[in-house]
Chemist: 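This is the structure, below, for whatever I ask next.
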Amino acid sequence: MSNERLLKVILSPHISEKASIATEKRREYVFKVVPDAAKDEIKSAIEFLFKTEVSSVRVLNVKTKPKRFGKIEGRSKAWKKAYVKLCEGCEISFASS
């Protein structure tokens, strides 16, 4: 897998209340990833970018939701989310990376 592809797989960390609870209790970090990313690509990208060891990756597709602004109706965008669990003693610091 090329380094260019690894740099494009991870779009951003997903910061939410649920994600911060997962980080504190289970050492799982949540990332927004490209829709065609596979688990092995996500694992390789996290290990390449943050120089850590990944023990497991869970992936889910976030579905669209109906949105409304006055009379204008639309839908939110669908996106892909990855829960990345790190090995013992490993952690990711977003402030220094």
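Keep in mind it's a predicted model, so treat the numbers as computed, not measured. Every heavy atom of this structure was used, including side-chain atoms; hydrogens, water molecules and symmetry mates were not.
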Chemist: What closest approach, in Å, do Trp79 and Lys81 show between heavy atoms, and which atom pair accounts for it?
Modeler: CZ3-CB, 3.7 Å
Chemist: Please list, chain by chain and in numerical order, all residues satisfying side chain to side chain donor-acceptor pair (under 3.5 Å) with Glu88, sequence neighbours excluded.
Modeler: Arg27
Chemist: Looking at residues at least two apart in the chain, or sitting in another chain, which of them share a salt bridge (charged side-chain N to carboxylate O under 4.0 Å, His left out) with Glu73?
Modeler: Arg68
Chemist: First locate atom CD of Glu28, then atom OG of Ser56, and finally report the distance between them rounded to the nearest 0.5 Å.
Modeler: 6.5 Å
Chemist: For Lys65, what residues pass the side-chain contact (heavy atoms from CB on, under 4.5 Å) criterion, not counting sequence neighbours?
Modeler: Lys67, Ser76
Chemist: Sequence neighbours excluded, which residues qualify as side-chain contact (heavy atoms from CB on, under 4.5 Å) partners of Asn3?
Modeler: Leu6, Phe48
Chemist: For Lys18, which residues count as a side-chain contact (heavy atoms from CB on, under 4.5 Å) partner, sequence neighbours excluded?
Modeler: Ser16, Tyr83
Chemist: To the closest 0.5 Å, what do you measure between OG (Ser20) and NZ (Lys25)?
Modeler: 10.5 Å
Chemist: For the residue pair Ile92 and Phe31, establish whether any side-chain heavy-atom pair is separated by less than 4.5 Å.
Modeler: yes
Chemist: Return the set of residues passing side-chain contact (heavy atoms from CB on, under 4.5 Å) with Cys87 (not counting sequence neighbours), or none when no residue passes.
Modeler: Glu53, Ser55, Cys90
Chemist: Can you tell me how far CD1 of Ile46 sits from CD1 of Ile10, rounded to the nearest 0.5 angstrom?
Modeler: 3.5 Å
Chemist: I'd like to know if Ile15 and Ile21 are part of one continuous hydrophobic network [Ile/Leu/Val/Met/Phe/Trp/Tyr, side-chain heavy atoms within less than 4.5 Å].
Modeler: no
Chemist: With ring pair (Phe, Tyr, Trp, His ring centres under 6.0 Å) as the rule and sequence neighbours excluded, what pairs involving residues 55-76 come up?
Modeler: none
Chemist: Any chance you could pull the hydrophobic cluster mates of Val34, using side-chain heavy atoms under 4.5 angstrom and chaining through other members?
Modeler: Leu11
Chemist: How close do Glu91 and Leu86 get, heavy atom to heavy atom, and via which atoms?
Modeler: CA-CD1, 3.7 Å
Chemist: If two hydrophobic side chains count as joined below 4.5 Å and joins carry through other members, does Leu7 share a cluster with Phe50?
Modeler: yes
Chemist: Just jot down the side chain to side chain donor-acceptor pair (under 3.5 Å) partners of Glu41, sequence neighbours excluded, or say none.
Modeler: Arg5
Chemist: With sequence neighbours excluded, tell me which residues meet side chain to side chain donor-acceptor pair (under 3.5 Å) with Thr64.
Modeler: Arg75
